[in-house]
Amino acid sequence: LIYDPHEIEPRWQKVWRARRVFEVETTALAQDKHYVLEMFPYPSGFIHMGHVRNYSIGDVIARHARMRGKRVLYPMGWDAFGLPAENAAIDAGVHPREWTERNIRHMRAQLQKLGYSYDWRRELATCHPEYYRWEQKLFVEMFERNLAYRKGSYVNYCTRCRTVLANEQVEGGTCWRCHTQVEQRELTQWFFRITAYAEELLRGLDALEGKWPSQVLAMQRHWIGRSEGAELDFALEQPAHGQSAISVFTTRPDTLFGATFMSIAPEHPLALPLARAGGNEAEVAAFIQKTLAAGRVARTAEKAEKEGVATGARCVNPATGEKIPIFVANFVLMEYGSGAVMAVPAHDQRDFEFARRYGLPVRVVVQPPGARLDPATMEAAYVDAGVMANSGNFDGTPSEEGKRAVTARFGKPVVSYRLRDWLLSRQRYWGAPIPMVHCAACGVVPARLSDLPIRLPDDAEIGGEGGSPLERHPTFAQTACPKCGGVARRETDTMDTFVESSWYFLRYVSPRETGDMFRRDDVDAWMPVDQYVGGIEHAVMHLLYARFFTRVLRDLGYLKFDEPFTRLLAQGMVCKETYACPEHGWLYAKEAASGKCPKCGQAVVVGAVEAMSKSKKNGVDPDDIVASFGADTARLFVLFAAPPEKDLEWNEAGVEGMHRFLSRVWRLVASAKALGEGGAPSPALRRKTHKTIRRVDEDMERFHFNTAIAALMELTNAVYASLQGPSGPAARSEIDEAVRAIVLLLSPFAPHLCEELWSHLGGEGLVCLAPWPKFDAELARDERVAFVVQVNGKLRGRVELAADASEADVRAAAEADPKIAPYVAGKQIVKSVFVPAKLLNLVAR
RNA sequence: GCCGGAGUGGCGAAACGGUAUACGCGGCGGACUCAAAAUCCGCUGGGGGCAACCUCGUGAGGGUUCAAAUCCCUCCUCCGGCACCA
């Protein structure tokens, strides 16, 4: 009988489902709970290998925890709002709801074929009003707490997606979805006040040290971007725009005496008024227009020239009393600090370049230790610490100390963050409506809670020009003001889809609750998530937003904890070699198989190993792998080929190897069953069995699934060897013990095969609920050990002795060993280092 | 430029300061077979030697240590993130 996954797998999937083995309920005592969660997928149409890897890792963790006696919450759902659905409507004329639901049906079937142990009763889709109504309620509560607000500002705009974007969704100046260059537009939009939590979100990262990947922590720290500095006011020579001073933020107050001019952002509200007062309005206006038109990307590109125009106005350096010119400069950003910087060319590279270009004075006010800088000959700004000079009373003060002293004398200490508020409104259809009403008399008013959900109408006209689909809808916006009852207009923007993913992990604990976002006792019992698994691409998007929402919900009284995800595992990408034709671009592996481009016959070029993607045509369809090898092989391969956090290179031969291994296990069980009673006792096999259990335990603890599988391969090889020893097979009981251990330990990785083999072995119940095996330390212990003997740190031989042999025993054996003896003969042993049951190092002189 | 990570056989990779290369892939050889596939067994870092064995070897160079792939310093290369953030 041959291993046939196609017969085995659907059969056991049916059994699991019928016996409801993966369904869990909330119980009062939660100490054995384990909440395992994977980042839920966007229902794009098909599962890809990245999903298979992500969910195979999660499933191993969930199944292992279950066998260890934990009550495991392991849910799955759909991040169902988003632009691709809307684009499908435009391209193919399907309604986004229909497109999304069709995709969910297909992808759910794909996941079920892979045998993941989800509690499917908890499945949710964020596009359902039963889901997003709670998000709308939360939005209203955040509005009432001033955590959601509307403001006009320059915002990121993607012309292709025809909507605004949050800063986190701009990657290298391009849209995170379509990678179109992002424009800056001045628009009034909705924001979440995530900056109110900047300090807490930053400090919270310390507690995640060692539990989250250091890379994610570093990325979030950098994204929040805390800088300590000073706020300093520079009085204006002539008041402008009702202001008598310009405020700047600096991290180098110690260089204040060297500020020889000021630079302000083109968007700065004082830019034009100052130019008017300074008599250079026309030139400044033209410069502002040109700079804004160029766009933020061009303006802030790496090699962009620093450019500016003098306003003609001046302000007073508070330290020197000098009147210094005010420039509008392209490199100054309105969003950071106060949009104005004191320019210290001697000690800031940007100011230095600007000063050299426009012939502005350079004054050295910090001298490096043991050197004297001359402004005339400097080729770059000196940005490091030193001793203050040309700074009046402060001369001779170390610059670090000077920071505090100058701040105290001329300004006040200020902490600035790079993090900006989360722009969450979107001018698109397929999202949750923002539950707000615009009333001519009352202003912006939240919808009544009793009116929620504000349903997304099905009959909007998607696509077309001008404004969002909801804005063009004939009736959606028509409403009465919840406050005064007068005629009012609904907000027609929808929410960023990252809003849905910021709390879905909370909804899983009570997915059918109709009275609130979730039940408090469910949340108290299950949250926080014990193990989160997902891609690193969400390091500063989803993972930061979810931490923010958790704190908001805590402050609104819903939750009692700060961090949603106790541990995070960020899995690497699934990659594969690419192929291309010099003329026709990327080719599928099948097209490239002949070595010639099917279109033009030119030789195929083999490219780098890159993440699987549609555009590079190097994807492998999980359906194909399941169809040819079965789900267990697919799962085992993605777990074995690399440790989870590293990128994995797809290798067809490696997949076959995994299938070969599973077949080997299959045949091993058949051979073991066919074995007669009796046989020669083999303590070595027992030892190997118990050692393997111990090794797999350690590997599971650290998520080293690749080495856990390797250990099981070794044990499998050892059982094969013990079946055909020179003195006949080992004792049946010992072989049985080893084989049962293999089936149990392998079951989280290859659950279908192991379920089948477990039943063949007459195992009790289902293997997925069987107790995880325990090793016997006594049986795992080696009786005799080959001690490594080193002389002066070099391996010179091995001596086999009892494992508990003393240092003196090993040394005596070593000195008597013909291979080792010559290295110590005639020398004095000045030191001897002994590691019990392992090694002896003799230092001979 | 700054931050994070990684450089180990032909390839994917292993080794919580202690036998470098486990396990898998590929390759070579053998058994089984009329033959092939499948399967099973063995070998497989470089150099030297008939051999036992010797010697070199974890990106480069230094250091700490009885002992370094592992810890420290300097540098090189690659990957990821951020990037005119004052």
Side-chain angles (χ1 to χ4, degrees), chain A residues 2 171-173 213-223 225 227 229 248-252 255 263 299-306 329-333 335-344 347-351 353-354 416-420 536-537 539-540 572-573 609 636-637 640-643 645-658 660-661 663-664 667 695 698 701-702 704 706-714 716-717 720-721 723-724 786-798 819 829-835 838-844:
Chain A
I2 209 150
E171 295 176 346
S214 57
Q215 192 183 168
V216 175
L217 297 177
M219 282 165 77
Q220 291 213 358
R221 284 196 179 101
H222 182 260
W223 193 260
S227 291
V248 300
F249 171 74
T250 180
T251 55
R252 294 296 305 273
T255 63
S263 306
R299 213 176 120 190
T300 60
E302 192 180 1
K303 286 179 186 118
E305 272 295 320
K306 284 162 191 53
N330 63 349
F331 65 90
V332 182
L333 306 172
E335 311 90 86
Y336 187 75
S338 63
V341 293
M342 65 175 206
V344 185
H347 305 293
D348 182 284
Q349 187 57 27
R350 292 155 300 184
D351 298 340
E353 287 168 29
F354 194 87
S416 197
Y417 298 90
R418 211 185 83 112
L419 181 70
R420 274 162 243 146
I536 197 139
E537 65 272 17
V540 287
M573 292 180 300
V609 175
L636 200 66
F637 175 75
F640 178 72
E645 67 281 0
K646 277 189 68 171
D647 285 351
L648 177 155
E649 188 184 335
W650 190 266
N651 175 316
E652 199 70 30
V655 177
E656 285 166 24
M658 289 305 105
R660 205 172 300 151
F661 167 61
S663 306
R664 246 167 100 72
R667 287 191 304 269
R695 252 183 85 182
E698 288 163 5
E701 213 62 52
R702 297 180 295 166
H704 289 192
N706 54 333
T707 51
I709 295 166
L712 292 171
M713 289 173 167
E714 278 187 58
T716 302
N717 294 343
Y720 265 100
L723 279 172
Q724 45 197 234
F787 282 83
V788 170
V789 181
Q790 298 179 333
V791 179
N792 294 331
K794 273 195 194 306
L795 173 72
R796 292 304 179 191
R798 296 178 181 84
K819 274 198 293 195
I829 306 295
V830 294
K831 190 173 180 174
S832 160
V833 180
F834 182 66
V835 182
K838 209 163 227 170
L839 162 145
L840 177 73
N841 186 13
L842 298 172
V843 186

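Every heavy atom of this structure was used, including side-chain atoms; hydrogens, water molecules and symmetry mates were not. Quick note on labels: first sequence line is chain A, next is B, and so on, each numbered from 1.
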Task: Spacing of A/Leu839 atom CG relative to B/A67 atom C1', expressed in whole Å - done: 8 Å
- [ ] Mind calculating the distance between CD (A/Glu656) and P (B/U39) to the nearest angstrom?
- [x] 10 Å
Task: Shortest side-chain distance from A/Arg660, nucleotide among B/A86, B/U39, B/G12 - done: B/U39
TODO: Assign each of A/Ser663 and A/Ser416 to its nearest nucleotide of RNA chain B by heavy atoms, then name whichever residue's nucleotide is nearer the 5' end.
DONE: A/Ser663
TODO: Could you walk me through whether A/Val789 and A/Lys819 pass side chain to side chain contact (heavy atoms under 4.5 Å, CB included), step by step?
DONE: CA-CA 10 Å; A/Val789 181; A/Lys819 274 198 293 195; over 6 Å; no
Open item on the list: Any base atoms under 4.0 Å from A/Pro213, or only sugar-phosphate, or nothing? Heavy atoms, all strands.
Closed with: nothing
Open item on the list: Expressed as a whole number of angstroms, how long is the span from A/Arg420:CZ to B/A83:C1'?
Closed with: 12 Å
Task: Closest to side chain of A/Met713, choosing from B/C41, B/C53, B/C23 - done: B/C23
TODO: Would you mind reading off the distance between A/Leu795 atom CG and B/A68 atom P, rounded to a whole angstrom?
DONE: 13 Å
Open item on the list: Students often get this wrong, so: under 4.0 angstrom with heavy atoms, is A/Arg798 touching a base, only sugar-phosphate, or nothing?
Closed with: base
Open item on the list: Once you apply a heavy-atom cut-off of 4.0 Å, does A/Asn717 come out as touching a base, just sugar-phosphate, or nothing?
Closed with: sugar-phosphate
- [ ] Look at A/Arg796 and B/U55 and indicate whether a side-chain polar atom (N or O) is within less than 4.0 Å of OP1 or OP2.
- [x] yes
Task: Any A/Arg664 side-chain nitrogen or oxygen under 4.0 Å from OP1 or OP2 of B/C40 - done: yes
- [ ] Figure out the CG/P separation between A/Leu333 and B/C82, and round it to whole Å.
- [x] 16 Å
- [ ] Identify whether any heavy atom of A/Val835 sits under 4.0 Å from a base atom; if not, whether one sits that close to sugar-phosphate; answer base, sugar-phosphate or nothing.
- [x] base
Open item on the list: So A/Gln790, base contact, sugar-phosphate only, or nothing? Heavy-atom distance under 4.0 Å.
Closed with: base
- [ ] Pick the C1' atom in B/G7 and in B/A51, then give their distance to the nearest Å.
- [x] 38 Å
Open item on the list: Give me the distance, rounded to whole Å, that separates B/G80 from B/G42 when you measure between the P atoms they each carry.
Closed with: 42 Å
TODO: Looking at every strand, decide which applies to A/Gly337 at a 4.0 Å heavy-atom threshold: base, sugar-phosphate, or nothing.
DONE: nothing
Task: Value in whole Å for how far the P atom of B/C23 lies from CD1 of A/Ile709 - done: 15 Å
Open item on the list: Under 3.5 Å for both donor-acceptor distances, Watson-Crick or wobble: does B/G1 have a partner, and if so which one?
Closed with: B/C82
- [ ] Between B/U39 and B/G46, how far apart are the C1' atoms? Round to whole Å, please.
- [x] 34 Å
Task: Anti versus syn assignment for B/G45, with syn defined as within 90° of 0 - done: anti
Open item on the list: With a 4.0 Å cutoff (strictly under), does any side-chain N or O of A/Lys646 reach OP1 or OP2 of B/A13?
Closed with: yes
- [ ] Check every strand shown and say whether A/Val332 touches a base, only sugar-phosphate, or nothing at a heavy-atom separation below 4.0 Å.
- [x] base
- [ ] Classify the side chain of A/Glu171 versus the base of B/G81 as yes if they form a donor-acceptor pair under 3.5 Å and no if they do not.
- [x] no
Task: Nearest-angstrom distance from the residue atom CD of A/Glu335 to P of B/A86 - done: 13 Å
Open item on the list: Tell me the interatomic distance from A/Phe640, atom CZ, to B/G24, atom C1', rounded to whole angstroms.
Closed with: 4 Å
TODO: Would you classify A/Ser263 as touching base, sugar-phosphate or nothing, given that sugar-phosphate means primed atoms plus P, OP1 and OP2, and contacts are heavy atoms under 4.0 Å?
DONE: nothing
- [ ] Using a heavy-atom cut-off of under 4.0 Å over every strand shown, decide if A/Met342 touches base, sugar-phosphate, or nothing.
- [x] nothing
Task: Nucleotide nearest A/Arg418 when distance is taken to its side chain, options B/C85, B/A15, B/G24 - done: B/C85
